[in-house]
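Structure first, then comments.
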Amino acid sequence: MNWNLTDDQRMVRDMVREFVAAEVTPNAAEWDRDKRFPTEVFEKLGELGLFGMTVDEDNGGAGLDLSGYCLALEELARGDASTCVAISVTNSLFCAPLQRYGTAAQKARFLRPCAGGEWLGAFCLSEPEVGSDAAALKTSARRDGDDFVLTGAKAWVTNGAVCGAMLVFAVTDPDASRGRLSAFVVPADHPGVAIVHEEDKLGIRSSRTNQVAFDECRVPGEWMVGEEGQGLDVALRSLDGGRAGIAAQAVGIAHAALELTLSYVVERQAFGGPIGRFAGLQGELATMATHIRAARLLYLRAAWLRDHGEPDTMAASSAKLFASEMANRVSYQAVQMHGGYGYVTDYPVERLYRDARVTTIYEGTSEIQRLVIARQLIAAAG
Ligand code: CAA
């Protein structure tokens, strides 16, 4: 779809498409099977400027808008959803908040190297006992002179074991009802930070998902990102951008599933001809293609709103909700149309089906997206 894209958006999409076709798609099945994080490919992705796509050029980024960034994520996910999520978290949940809320010193020390491709970023919000109710997290950041001492456990941290630094959310004012949380940027090798667990997952198996422990982890006050008490705002604002990106990821997975299915139905013979001639399958294919296009327009709209400084919370949640549910349906149909071949690892739709599953869960479940959308609708009506 070239409709309405700027030259920059088209250029990044085509550049990523070409790279993915050459270096990612042919290897994704092997990485998934071996649960191998492909460090060598991330080095190249970093060199291509894909770690800090929306970071401004003064801070070492590519200076793209969110629409161009989301188009790039879709292309990555078409090849490999695992690669896509590692890039997505680095851009949306590490670089973007540092770009928006970081001080000049934080940008020089943490944003510039990440945007320049030296290392990936991570986002430590959820905890083993706190996920959807983000405001209720328990990790504490106790003030001690000019420092803060972080103690607690973080869960579901994409890139935890392979990042250079993390954005960590912790309680600075336990008694406050508002302003309870603050955000900190913390190097991954800082004393008191430990990777304590690696998740073994249904899908996105070559990405890293870790539990991270903070044990009396002393950080200087200058590493606080945003104001004291602004942590929830930093987290939710970042997640709005992240959710548009996860919608793009879901579209990429679904697009790949449709492409593979189209190739299959014109090749596969049954009852004297290719199975693609049957009306039942054609109806499903038409629905899949239409829903993919609709989801793409939803994420582009969410990104456009953010690029133009308009409120994007509801649009991002709508895009994420629709695209992630759609990717699950489309990849289900792709497996179904492949029959037995869809159920075995020789064919990639099996992986796409597993990879799609997480998109309705991370960066806010479908239930949370519905809650965000409904609250906005009711607030606008009232
Ligand atoms: N942007 C900025 N501020 C926002 C906001 C937004 N999108 N949404 C709400 N806020 C503000 C509100 O204005 C409010 O501020 P005040 O107190 O000053 O009025 C404050 O945040 C609290 O808002 P709510 O009353 O709506 O908060 P809540 O606690 O009732 O619900 C929620 C908030 C929407 C449920 C939120 O907690 C949420 O989105 N939860 C899901 C968390 C999530 O997505 N987690 C995924 C973790 S990342 C991940 O998946 C890991 C990975 O590595 C991929």
Side-chain angles (χ1 to χ4, degrees), residues 73 77 81-97 100-101 120-137 139 154-163 166-169 173 176-183 195 198-199 201 203-204 207-212 226-227 229-250 302 305-306 309-321 324 355 357-379:
L73 287 186
S82 293
T83 304
C84 178
V85 72
I87 294 293
S88 162
V89 167
T90 299
N91 279 272
S92 301
L93 301 183
F94 183 80
C95 287
R100 185 181 171 98
Y101 298 96
L120 294 161
F123 184 78
C124 300
L125 178 69
S126 300
E127 300 181 351
E129 291 170 22
V130 180
S132 292
D133 188 3
L137 65 83
T139 295
K154 293 292 178 180
W156 316 116
V157 180
T158 301
N159 296 338
V162 290
C163 72
M166 321 172 172
L167 194 63
V168 185
F169 297 87
D173 187 351
S177 54
R178 302 169 67 162
R180 204 172 148 260
L181 308 182
S182 301
I195 304 299
E198 171 93 35
E199 304 295 346
K201 308 187 293 290
I204 54 163
S207 70
R208 289 285 170 272
T209 310
N210 300 100
Q211 280 184 30
V212 184
E227 303 294 319
Q230 206 187 1
L232 189 60
D233 178 53
V234 174
L236 296 181
R237 211 45 218 129
S238 309
L239 281 165
D240 287 339
R243 287 168 183 167
I246 298 303
Q249 179 194 37
L305 288 170
R306 197 171 180 97
E310 302 281 342
D312 64 330
T313 299
M314 181 157 137
S317 284
S318 298
K320 205 266 185 187
L321 173 64
S324 60
D355 286 350
R357 190 64 192 87
V358 74
T359 61
T360 62
I361 298 172
Y362 61 19
E363 299 204 22
T365 60
S366 289
E367 291 71 22
I368 288 298
Q369 308 312 327
R370 289 192 181 94
L371 179 125
V372 171
I373 295 163
R375 281 183 180 177
Q376 297 258 332
L377 288 172
I378 289 165

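One-based numbering along the sequence shown. Counting convention: from 1, in listed order, for ligands and their atoms alike. In this text the structure is predicted, and so the values were computed from the model without any measurement. Values below: every heavy atom of this structure, side chains too, minus hydrogens, waters and symmetry copies.
Closest heavy-atom approach to atom 40 (N) of ligand 1 among the candidates Ala86, Ser132, Ala134: Ser132. Heavy-atom proximity to atom 33 (C) of ligand 1, evaluated over Gln376, Arg375, Met314, is greatest for Arg375.
Shortest contact from atom 51 (C) of ligand 1 to any protein heavy atom: Trp156 O, 3.4 Å. The protein heavy-atom contact nearest to atom 49 (C) of ligand 1 is Glu363 N, 3.8 Å. Scanning the protein heavy atoms around atom 18 (O) of ligand 1, the nearest turns out to be Arg178 NH2, 2.7 Å. For atom 39 (O) of ligand 1, the nearest protein heavy atom (residue, atom name, distance) is Arg243 NH2, 3.0 Å. Remark: minimum distance from atom 11 (C) of ligand 1 to any protein heavy atom is reached at Leu236 CD1, 4.2 Å.
Between the side chains of Thr360 and Arg357, a donor-acceptor pair is found at a separation under 3.5 Å. Side-chain N/O atoms of Gln249 and Thr359 include no donor and acceptor closer than 3.5 Å.
Below 3.5 Å of separation, one finds an N or O of Asp240 facing an N or O of ligand 1. Close N/O approach between Gly364 and ligand 1 is found [any backbone or side-chain N/O within under 3.5 Å].
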Quiz prompt | Test salt bridge (Lys or Arg N to Asp or Glu O under 4.0 Å) applied to Asp312 and Arg237, step by step | solution = CA-CA 9 Å; Asp312 64 330; Arg237 211 45 218 129; 3.0 Å; yes

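Protein heavy atoms are found less than 4.0 angstrom from atom 26 (O) of ligand 1. In this structure, atom 47 (C) of ligand 1 has protein heavy atoms in its sub-4.0 angstrom surroundings. Proximity of atom 1 (N) of ligand 1 to the protein is indicated by at least one non-hydrogen atom lying closer than 4.0 angstrom. The nearest protein heavy atom to atom 15 (O) of ligand 1 is not closer than 4.0 Å.
Atom-to-atom distance recorded for Leu125:CG and Leu137:CG is 6.0 Å, nearest 0.5 angstrom.
By the 4.5 Å heavy-atom criterion applied to side chains, Glu367 and Leu371 are not counted as neighbours.
Of the possible donor and acceptor atoms, none in the side chain of Ser88 sits under 3.5 Å from a partner among the backbone N and O of Cys84. For Ser92 (side chain) and Val89 (main-chain N/O), no donor-acceptor pair under 3.5 Å exists by modelled atom type.
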